[in-house]
Amino acid sequence: MSSASTPRVRFAPSPTGYLHVGGARTALFNWLFARHCGGTLILRIEDTDFERSSEEMVEGILVGMRWLGIDWDDGPFYQSQRLDLYRQTAEKLLASGHAYHCFCTKEELEQRRAAAIAAGRPPMYDRRCRSIDPNVAAERKTSGEACAIRFAIPEGGNTSFDDAVFGRVEFANSEIEDFVLLRSDGIPTYHLSVVADDIDMRLTHIIRGADHISNTPKQVLQYQALGAPMPVFAHVPLILGPDKTRLSKRHGATSVISYKDMGIVPEAFRNFLALLGWSPGPSQKDREIFGSDELIQLFSLDGISKSNAVFDNDKLAWFNTEYIRAYPAEKLLPLIEEEWDRAGFTPARSRDEILAAIDLLKPRARNLKDFATVFRAYFSDDFEYDPAAVTKFLSDGAVRALLSELSHRYAVGADFTEASTEATLRAFAEEKGIKAGQLINGSRVALTGQAVAPSLFAVMAQLGKERVVQRLAAVDKMVPIGDV
RNA sequence: GGCGCCAUGGUGUAAUUGGUUAACACGCCGCCCUCUCAAGGCGGAGAGUUCGGGUUCGAUCCCCGAUGGCGCUACCA
C-alpha cells in the first residue's frame, strides 16, 4: 500500500475563474509527476474567497481538466468545507506562541499602510498587537472584540528552502510580514489553508506556479512551527503572452476550454503545454511529439526550466495539425462529430464514406472545425459555395458551360476511377482547346464549394459518380456574384 | 520603492555539465513538385549565448556588477 515514499501531490485551483492555461499546465505537471512515479494526485478547490468563488467556475475547471485528460485520485476537496481544520491549526499556532491575536481594524491598517508608504517606509504590519499579553488578548476576544490571528515571524535570521527547480532560495525574516492566518470573520487566508491542508493531506511535493515563490517562506515557517515534515517545493516558471507580460485576457484566449472551441485536439494541446517550461532532455533529441504515455514516462522535475515561457499560437497550431494528420479516422470521428453537433450539421453519408473522407481531408485540416465548415461538401449535399472561390474560378460562363458538358461525359462513361476521371477531363480539355487547369480549378469549386481541396480526382472518387455529375451540371445554372 | 527570481536567433527548447562551425522544432524567405491549398523534398536568412568585468590555457556553462523582464509586496488566492 501507500508508504511514506509514494509521492502525493495536488492541484489546487481557486474557482474564481475558468481553468486558464497556466493553471492547466500546473495541473498537467502535477499529473505527469504523479503518474510517472505511481503517486497520488489530489484535487483541492481553494474557495475560501467566498466573494469571488462560484460553483460554475468549479464546474468549468473540471470540464477543462477532463478535456485535457487529466484525472485525479482523490477529491475534489473544498476548503470551504474544512474550516474547522484551519481554525484548529490556528489555535495550535496560538498555543505554541507562534501566532497572536490582532485587534487592529482594517481601516486602521489601511491608514497606517498609507502613512508608511508616504513616509517611504516599507508598508509592513507594525506588529503592535504582538506585544499584547495573551491573557489580555483572550479576555478582549471573549468580551466580543473582533480580532484576526497573525503569524509571529521570528525576529531575526533567514528562512530558506531548496526548490527542486530553482535551487536554494533564501529570505531574510525581517522582510516577511506577520501575515494574517485567520481573518476576523473566522475564514482562513490562503497562507493558513494551504499549509493546513498540505500537511493534513500528507503531500510530499508542492508543484505550483513560480508566482508562489515569495509566499513560500511564510509556509515554511508554519511547517516548522507545526513540527510538520517539509515537502519538496517545485516552482514552475510562468507562461507569458507574446508581449512577454503575464498571460491574460488581453492576449486573447486564456481559458483552456476556448482551445477546444477553436478546434484544437486535446492531446495536441497537452503535448504543447508539456513542452512549455519543460524538456525531456537530450535523450529525446529532436523529438517533440509525445503521446501521454511517453510524457508520463519521460517526465521529471529536473527537466523543468527556470525561465518564463511565451505561449506561441503558431507552434500550437503546428502540434494540432500534426495530431490531426496522425490520428486514424476512427479516432478523429468522435471529435469531429462533436463539431458537427455544435454546428448543427448532420452528415448524410455512410460511416465508411465518412471515414474515407476524413482520411482524404485530414492532411489539409488546420483544426477540427474545418470538418464542420469548409469540408462540409464531403459529408453532405448541404453545403455552401465560397463566393471568393466562385468568383475566382467560375466567373467565366464558358467554363461553366464546359463543366456542364463534362458532366455528361462522366455520366455516360463506364469507369469512374481516379485514373479514368483524370483521363476523361484532360482529353476533354484538349478537345475543347482549354487548359486542363482551368477545368480542374472550376471543377474543384463546383464539387467542394472551395478553392482549396485535395487532389481533384481523389475528390471525385470520394464523392462518387452520382454527385460529381450532379454538382458539375448544377454549375451551369449558377450565376456568380458580380458576374455580368 | 523593498524583496525574490530569471536571462541562448522572433518563439519553444538543446548543448555529454569549462573545450561544439552554438543544435533541433515552430515561424519566416526561396526553389522543386503541381490541378488549388497544404504536405513533402532541397536550400536560406536569423543568436557569437543581454551588457561589462573577472577566474581560467579556454567560458553559453563559474564569480561580481549593471541592465532588462517577471513575481511577491492584502483580514485575494
Side-chain angles (χ1 to χ4, degrees), chain A residues 12-17 46-49 51-53 79 102 104-106 109-110 113 117 120-125 146-150 163 166-167 169-172 174-177 179-185 187-191 193-194 209-218 235 237-238 240 242 244-246 272 275-282 284-289 303 305-319 321 325 363-366 389 392-393 422 425-426 435-445 448 450-457 459:
Chain A
S14 176
T16 53
E46 308 218 323
D47 57 349
T48 53
D49 184 342
E51 305 287 288
R52 300 192 298 149
S53 300
Q79 290 193 320
C102 174
C104 300
T105 66
K106 196 160 189 172
L109 257 17
E110 270 163 23
R113 158 174 298 270
I117 292 172
R121 293 194 313 273
M124 283 202 295
Y125 176 60
C147 66
I149 296 177
R150 286 182 186 270
D163 193 280
F166 287 95
V169 183
E170 192 168 54
F171 294 80
S174 59
E175 297 292 335
I176 308 171
E177 180 172 55
F179 58 95
V180 170
L181 290 163
L182 203 62
R183 301 187 274 208
S184 50
D185 60 3
I187 304 302
T189 63
Y190 162 76
H191 298 297
S193 56
V194 250
D211 50 341
H212 285 291
I213 288 179
S214 306
N215 291 326
T216 308
K218 292 178 182 151
H235 288 96
L238 302 180
L240 273 24
K244 302 203 176 187
T245 64
R246 198 179 190 172
F272 168 70
L275 262 20
L276 225 45
W278 175 77
S279 156
Q284 297 302 312
K285 197 167 179 8
D286 302 351
R287 287 223 304 143
E288 292 198 293
I289 302 291
S305 66
K306 298 179 181 179
S307 48
N308 295 340
V310 174
F311 189 97
D312 182 7
N313 275 300
D314 286 337
K315 188 86 182 234
L316 171 60
W318 175 76
F319 273 107
T321 58
R325 204 167 295 152
R364 285 176 173 74
R366 298 186 316 281
K392 188 169 181 189
F393 294 117
E422 174 159 15
L425 184 142
R426 290 192 187 280
K435 287 175 78 176
Q438 263 190 281
L439 292 180
I440 288 173
N441 288 330
S443 297
R444 175 173 296 107
V445 179
T448 71
Q450 301 291 318
V452 170
S455 170
L456 180 68
F457 305 103
V459 170

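Keep in mind that this is a model prediction, so the values were computed, not measured. Residue numbers start from 1 in every chain, and the chains themselves are labelled A, B, ... in the order their sequence lines are given, proteins ahead of strands.
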Can you tell me if [X] touches the phosphate of [N], counting only side-chain N or O atoms and a distance under 4.0 Å to OP1 or OP2?
| X | N | value |
| --- | --- | --- |
| Arg444(A) | rU34(B) | no |
| Arg366(A) | rC37(B) | no |
| Arg426(A) | rC35(B) | yes |

Over how many whole Å does the gap from [X] atom [atom1] to [N] atom [atom2] extend?
| X | N | atom1 | atom2 | value |
| --- | --- | --- | --- | --- |
| His212(A) | rC76(B) | NE2 | P | 16 Å |
| Asp49(A) | rC76(B) | CG | P | 7 Å |
| Glu175(A) | rG4(B) | CD | C1' | 10 Å |

Looking only at N and O atoms, is any donor in the side chain of [X] or the base of [N] less than 3.5 Å from an acceptor on the other one?
| X | N | value |
| --- | --- | --- |
| Lys106(A) | rA74(B) | no |
| Arg52(A) | rC76(B) | yes |
| Ser214(A) | rC3(B) | no |

Seminar exercise, completed: Output for pair (Thr189(A) OG1, Arg150(A) CZ), nearest 0.5 Å, gives 10.0 Å

For this session: Would you indicate whether Glu51(A), at its atom CD, is surrounded by more than 12 heavy atoms from other residues, nucleotides or ligands within a distance under 6.0 Å?
Result: no

Exercise. Under a cut-off of 3.5 Å for both distances of each Watson-Crick or G-U pair, what dot-bracket string does RNA chain B give, using [ ] for crossing pairs and | for inter-strand pairs?
Worked result: (((((((..((((.....[...)))).(((((.......))))).....(((((..]....))))))))))))....

Exercise. What residues form a ring-ring contact (aromatic ring centres under 6.0 Å, His included) with Phe393(A), not counting sequence neighbours?
Worked result: none

For this session: Sort out for me which residue in Val459(A), Leu456(A), Thr448(A) forms a side-chain contact (heavy atoms from CB on, under 4.5 Å) with Ser443(A).
Result: Leu456(A)

